[in-house]
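Just so you know, these numbers come straight off a predicted model, no measurement behind them. All residue numbers refer to positions in the sequence shown, counting from 1.
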Amino acid sequence: MNPTDRQAQGLYRLCYRLTNAIYPEWKYRNIELVRIDERTGNLYVLAGELDFEIKPTGGYEP
């Protein structure tokens with residue numbers, strides 16, 4: 001299973017933000033894991049103690 005184009009764009013935006021390139025007030029986070037959940041089709045991102053799911057539409061939530 002491959003991520004959608006919108007998921008890939010959402011992953012790029014999230015990774016960019018997590019590495020402190022856009023929001024200086026955000027603490028830098030190491031991205032430890034990126035995985036697709038084959039049951040839901042969502043991308044799962046683990047960054048330190050934070051985790052995010054990127055939906056097929058490209059939106060994400062902590």
Side-chain angles (χ1 to χ4, degrees):
M1 175 176 268
N2 293 321
T4 66
D5 288 338
R6 288 186 175 187
Q7 276 178 313
Q9 292 171 9
L11 176 62
Y12 176 80
R13 285 191 311 272
L14 178 60
C15 291
Y16 196 77
R17 289 176 177 160
L18 288 170
T19 57
N20 202 20
I22 291 180
Y23 301 113
E25 65 273 5
W26 280 32
K27 182 181 173 190
Y28 175 83
R29 306 281 181 188
N30 285 323
I31 298 166
E32 299 173 16
L33 176 74
V34 176
R35 183 92 177 147
I36 194 160
D37 184 342
E38 293 184 10
R39 297 171 295 145
T40 63
N42 293 342
L43 283 176
Y44 178 79
V45 179
L46 179 63
E49 63 276 351
L50 299 176
D51 59 80
F52 297 87
E53 282 192 67
I54 303 174
K55 300 179 183 195
T57 59
Y60 56 85
E61 300 176 1

Next item on the list: Check Phe52 against Leu18 and note the closest heavy-atom contact, atom names and distance.
Entry: CE1-CD2, 4.0 Å
Checklist line | Partner of Ile54 under side chain to side chain contact (heavy atoms under 4.5 Å, CB included), chosen from Val34, Asn42, Leu11 | finding: Leu11
Note to self: Rounded at 0.5 Å granularity, tell me how far OG1 in Thr40 sits from CD1 in Ile36.
What the structure shows: 8.0 Å
Note to self: Counting neighbours of OH on Tyr44 that are heavy atoms of other residues, nucleotides or ligands and sit closer than 6.0 Å, is the number greater than 12?
What the structure shows: yes
Check: When rounded to the nearest 0.5 angstrom, what distance separates CZ in Arg29 from CD in Glu49?
Finding: 4.5 Å
Margin query: I'd like to know whether Val45 forms a side chain to side chain contact (heavy atoms under 4.5 Å, CB included) with Tyr60, so could you lay out the CA-CA distance, the side-chain angles of the two residues, the decisive distance to 0.1 Å, and finally the verdict.
Written below: CA-CA 10 Å; Val45 179; Tyr60 56 85; over 6 Å; no
Checklist line | Nearest heavy atoms of Pro56 and Thr4, plus distance in Å | finding: O-OG1, 2.8 Å
Notebook entry, point to check: CG of Leu43 to CD of Gln7: how many Å apart, nearest 0.5 Å?
Noted result: 4.0 Å
Checklist line | Inter-residue atom distance Arg39.CZ - Met1.CE, 0.5 Å rounding | finding: 11.5 Å
Note to self: Can you tell me how far apart CG (Asn30) and CG (Leu50) are? Round to the nearest 0.5 Å.
What the structure shows: 11.5 Å
